[in-house]
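Only this structure's heavy atoms are used, side chains among them; waters, hydrogens and symmetry mates stay out. FYI, the numbering just counts along the sequence from 1. These figures come from a predicted structure and were not determined experimentally.
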Amino acid sequence: MLTAEIIAIGSELLTPRFKDTNSVFLTQQLNRMGISVAMRTIAGDHEDKLEHALKSAMDRTPIVITIGGLGPTEDDITRKAVAQVTRRQLVLDDVVLEKLKARFAKRSMPMPANNARQALVPAGAEVLDNPNGTAPGLWLSNEKNTLILLPGPPRELEPMFERSCCPRLIKMAGSLALSVRTYRTTGLPESTLDARIAPIYTKYRNPETTVLSKPGQVDIHLIARAKTVAEADRLVDELGNQIDQELGDFVFARSDQELEEIVGMYLVLKGATIAVAESCTGGMMAERLTSVPGSSRYFTSGIVTYSNESKIALVGIPPLVLEMEGAVSKEVSVGLAESVREKIGSTIGVGITGIAGPDGGTPEKPVGTVHVAVSGPEGTTHLQFVFPGARDRVRWQSSQAALDMVRRYLETL
């Protein structure tokens, strides 16, 4: 099977402030073509280290894709490093230079002199047009490697890759058809889930199975390859149906849809509406629900009742309940869910209260303790959780658990 490596370039990617989302996009696209990503590397803006990364990748892998470092500044070193490694001279491409000048002239701006660097091209490289920015991409080939240089901004990289690279890479990948499926689950830890499905998927080399975990969710990716699409689909169905049957209602989607999208779909199908009263999540569940286009059809209201005073004033939790049971309790979560449903007049009401941390925990109620209640026509359900991790992780898992409880409740209506 054809393989590729991705090198993301930029010292900022080696800090906690920036995420390399481009590599994820490229991996998804390559996998759909039947091209496996053998390695992903992040290289800082150091020419010698980038040259080493390029040489190593080209020794191992036939397709090497670089991201970033094609701009006009001193730290944009990708073109120079590639020219050095491939032993090609950098030559000025007059067509690229004229396009750069025209782009600035169209905006009635003089082109800074350093932008001319972006017209330097390794000899023999093919220029990939970039209508969304100033940095053109580059395609270089020799008897051993295909080297693809892409700009860093996603709004430039993604259309360039889809338009200029995908058709050629599909031809290179050969005639094998590909079938891809994702099963998204929540409510089972990765180790527990894998213990249940490993005896099933380890019997198969085709499809390939990948299990990916993130807070509150585990995804199972299946990729099958065959001579025809029908045969690839059949292989995915054969394995996927067994996994689906084993995991049952822990599977909330058989696609790349998020849990809030699935909940929204159920609310529309049931003709139901939802209101939420949140404490420790601070509006996160409302934000997730309203991030879905068309959510005005079912989302009615979200109330953040962070303090005890707001729980009393906005939702009507009795002061005695707060005094006797505490804000983080079954009684308060149930009261939030039932009261917000009654006050707003929605089909479903959700109440969330907990201790997100890092402070506020006790031996009886440690950090991560969360109570979630869902109220509706069939009564009220409640669950208590103790989530691991830091504050943001606890808040996210709380919203995930609440959405999953709503999903399961709606399935019974």
Residue pair Val340 / Val276, side-chain heavy-atom distance below 4.5 Å | no
Using 4.0 Å as the upper bound for N to carboxylate O, is an ion pair formed by Glu411 and Arg407?
-> yes
salt_bridge(Arg17, Glu12) N-O dist < 4.0 Å = no
Heavy-atom side-chain proximity of Val37 to Thr3 below 4.5 angstrom = no
Arg395 side chain to Thr281 main-chain N or O, any donor-acceptor pair under 3.5 Å?
-> yes
Looking at Glu74 and Arg117, does any basic side-chain N land under 4.0 Å from a carboxylate oxygen?
-> yes
Is it true that Arg181 and Asp233 make a salt bridge, defined as a side-chain N closer than 4.0 Å to a carboxylate O?
-> no
Determine the minimum heavy-atom distance between Val386 and Val367, stating which atoms define it.
-> CG1-O, 4.4 Å
Output yes when Lys80 and Glu47 qualify as a salt bridge under the 4.0 Å nitrogen-oxygen rule, no when they do not.
-> yes
Run the salt-bridge test on Arg234 and Glu231 with the 4.0 Å N-O cut-off and return the result as yes or no.
-> yes
Hey, what's the ring geometry for Phe25 with Phe161, parallel, tilted or perpendicular (30° and 60° as the breaks)?
-> perpendicular
Charged N-O contact under 4.0 Å between Lys55 and Asp59 | no
Decide whether a cation-pi geometry holds between Arg288 and Trp396; the criteria are a distance under 6.0 Å from NZ or CZ to the six-membered ring centre and an angle within 45° of the ring axis.
-> yes
